[in-house]
Structure formats: C-alpha cells, structure tokens
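Remarks on the structure that follows.
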Protein chains: 2
Amino acid sequence: MFSIGELSRRTNVKIPTIRYYEESGLLDAPERTEGNQRRYDAAGLERLSFIKHARDLGFSIEAIAALIELQGHPDRSCAEATDIASAQLSDVRAKIKRLRALEKELVRISKGCDGNGMTEDCYVLASLADHRLCEREH
Amino acid sequence: MFSIGELSRRTNVKIPTIRYYEESGLLDAPERTEGNQRRYDAAGLERLSFIKHARDLGFSIEAIAALIELQGHPDRSCAEATDIASAQLSDVRAKIKRLRALEKELVRISKGCDGNGMTEDCYVLASLADHRLCEREH
DNA sequence: TCTTGAACCTCTAGTCACTGGAGATCGTAT
DNA sequence: ATACGATCTCCAGTGACTAGAGGTTCAAGA
Ligand SMILES: [Zn+2]
Ligand SMILES: [Zn+2]
Ligand SMILES: [Zn+2]
Ligand SMILES: [Zn+2]
C-alpha cells in the first residue's frame, strides 16, 4: 500500500492528474487511511501504467475508458480493441499528413526572408496575408 | 460595409470565432450600426484573412498578435517575424517526429492482433499494458 | 407602413486533458 | 510534543474555440 505521491513517482503521472483520472472514472477510487488519504496497491499501479502508456500513444480518455472496460471482460471478443487501435492509427496518420503540408509551406515562407529587411517588404508577412502564394492546400 | 455574417461567409471563419478574435484583441472593434450591429470594411476582411491563414498554418493566437503588431510598423526590422516563423516550423517538425514514433508503435500494435480472439489474449491490450514491448521511445 | 423572420446582440457555460493555488488536515520522524 | 512535508477538497485557469438562451435589429415583401 502506497500513497498518491509514491504512485506519482513510480508512473511519472502528476498527482492532480491521478485525481483527475479517478474523477473521470478511469481509476477506481482506492482505499483510504483513517485520515482520508488515498492508499494504492499493485492493481492501481498497473491500471495507471496502462492509462499512462495509452495517453502517451495519443489515445483519448474516452478510448481508454472503452479499452479498460474490455479488459474487464476476458472472455469477450477483442474486435473493438483492434478497432480503437486502428482508429487511433488513422488519426495519427491524418495528423502527420496535415503537418507535412504545413511544414512544406513554412519552409517556403521561412526561406523567403532572411530577416534583414523591413516588415513592409517581408515575405513572411506577405505570405501569411495571401494564401495564393502557397504552393498547395493545407 | 458588411455584416459579421457576410464576413464569416467570405473568410470561412465562424461568427463566434470572429467575436472571439475581437475580444482577444486580434481584430479591431469595428464600427456599429445604430442598432449596435458590427459593420466591417475591406481592412477588417484583410485582417481576418491574415489571421485565418496564420491559424491554418498552426500559429498560436499569441504569435499572430505579435505578427500583426509588426505589420503595423512598416519601418521596423522583420527579424522578429522570421523568428516566429522558424519557431513555428520547429514546432511542426517536433510534432511530426513524435507522431511518426507513435505511428510506428501503433502499426506494430495493430498488426499484432486481427481482432478475432478474446480480450484475454489480445496483443493490443497487452502492448498498451506494457511499454517494454515497444520498440523505441515515444 | 407594417409585418415577418433571418440575422444579430450579450452573456454564460461547455469542450479536452490537465495544471495550479488556497487553505486546511494528516502522517511521520525526531 | 513539535515540526514540516504530504495530502485533502474545492475552485479557477489554460487554448481556441463552440453552443445555447433570451432578447433586439435589419431588410424585404405585402
Ligand atoms: Zn522579413
Ligand atoms: Zn496557405
Ligand atoms: Zn486482439
Ligand atoms: Zn510504449
């Protein structure tokens, strides 16, 4: 049995975030001491590690709640879990695609001015003002 | 002179967002009719187009405020503008890097299970539970 | 000129996933 | 017994919007 501070140290999850996960229903409310302080066990640590890892991989709280629900039913089909994972993969790929388009335009914009002129003639400011200078959609 | 709805249509920025930009100081408060409705001119349209384009390129409201401030002083050096743009480029590149790491792990995780088993033996759930199964940091 | 109804106004609150602070209480070591 | 770090609850703030309630104004048609 260990305190919330100890749990925080072991998982690298900040204390207010742990309480937030509890309030959101991702973490079960743990036992309390007589003085009302939270005391966790190995199961709590495991659960929080799962949440942390999933968050690090970009899953939403909602998706993680669904995954935890599935975990609780070992005899159910895991189809939903793979669906959630592939949705997350699509999401990440869509974000990468968009960011690559932004990167290309930002490279062009940055190249257009060395920063030694006046704002009046600045290519950075001019290209922000006019999307038609962009080479593609973004 | 045109209404906020017309401005919204011409820029593809939603009406509450336009009001939010005004409140944030990005847009000057426009003239009003006798009945207190906003009326914009070409300058307002131009300004909002600038904001929209910069937002589409991922610049923060704060960065855009700084860029607009620079725009207002045509005789000042544009060094700060290029700094802001290259900071934005670095930011985008950092995000891409992180997302690519996530993509790799998510591909591995998704490949590990076809969704036809039980949650008990699901590789998706197992790899979310244990970062040591990951091939690299993310 | 009157009437309708779409468009507009302000204000408040909600979104997501936390993060920080105030003020009070608890746990533990000396 | 005292000190002091850790924890408690509750509230507010972040960024960049978005949505709704309840009321007013504008502009076009009769
Ligand atoms: Zn320049
Ligand atoms: Zn553009
Ligand atoms: Zn599976
Ligand atoms: Zn991992």
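Bear in mind the structure is a predicted one, so any value in this text is a computation, not a measurement.
Listed candidates were D:dC17, C:dC8, D:dT9. Nearest to the side chain of B:Thr17 is D:dC17. Taking the side chain of A:Thr33 as heavy atoms from C-beta on, and the options D:dC8, D:dC26, C:dC26, the nearest nucleotide is C:dC26. Comparing atom distances between the A:Tyr20 side chain and each of C:dC8, C:dC26, C:dT19 picks out C:dT19 as nearest. Side chain of A:Arg55, nearest nucleotide from C:dA17, C:dT19, D:dA16: C:dA17.
For D:dC17, one of the phosphate oxygens OP1 or OP2 lies less than 4.0 angstrom from a side-chain nitrogen or oxygen of B:Tyr21.
Distance CD (B:Gln37) to P (D:dT25): 9 Å, rounded to an integer number of Å. Rounded to a whole Å, the CZ atom of A:Phe2 is 23 Å from the P atom of C:dC26. The CZ-P distance, from B:Arg38 to C:dA7, rounds to 17 Å in whole Å. Protein atom CZ of B:Arg9 is 12 Å distant from nucleotide atom C1' of C:dC8, rounded to whole Å. Counting to the nearest Å, the C1' atom of D:dT24 and the CZ atom of B:Arg32 are 13 Å from each other. Rounded to an integer number of Å, the gap from B:Ile18 CD1 to D:dC17 P is 12 Å. Residue A:Lys52 contributes atom NZ, which lies 13 Å from atom C1' of C:dC18 at whole-angstrom precision. Across the protein-nucleic acid pair, B:Glu6 atom CD and D:dC26 atom P stand 17 Å apart, rounded to whole Å.
Judged by closest nucleotide on DNA chain D, A:Arg19 is the one of A:Arg19 and B:Ile61 placed further toward the 5' end. Between B:Asn36 and A:Asn36, the residue whose closest nucleotide on DNA chain C is further toward the 5' end is B:Asn36.
A salt bridge is defined here as a Lys NZ or Arg NE, NH1 or NH2 lying under 4.0 Å from an Asp or Glu carboxylate O, and A:Glu22 with A:Arg38 meets this definition. A:Arg100 and A:Glu103 are not joined by a salt bridge, as no carboxylate oxygen comes within less than 4.0 angstrom of a charged side-chain nitrogen. B:Glu135 and B:Lys104 are not joined by a salt bridge, as no carboxylate oxygen comes within less than 4.0 angstrom of a charged side-chain nitrogen.
Both the sub-6.0 Å distance and the 45° axial angle are satisfied by A:Arg10 relative to the ring of A:Phe2.
Between A:His53 and B:His131, the ring planes are perpendicular. Angles over 60° get that label, and only those under 30° would be called parallel.
Using a 4.0 Å heavy-atom cutoff across all strands shown, B:Phe59 reaches no nucleic acid atom at all. Counting any heavy atom pair closer than 4.0 Å across all strands shown, A:Ser3 reaches sugar-phosphate atoms only and no base atom. Using a 4.0 Å heavy-atom criterion, one finds that A:Ser24 contacts no nucleic acid atom at all.
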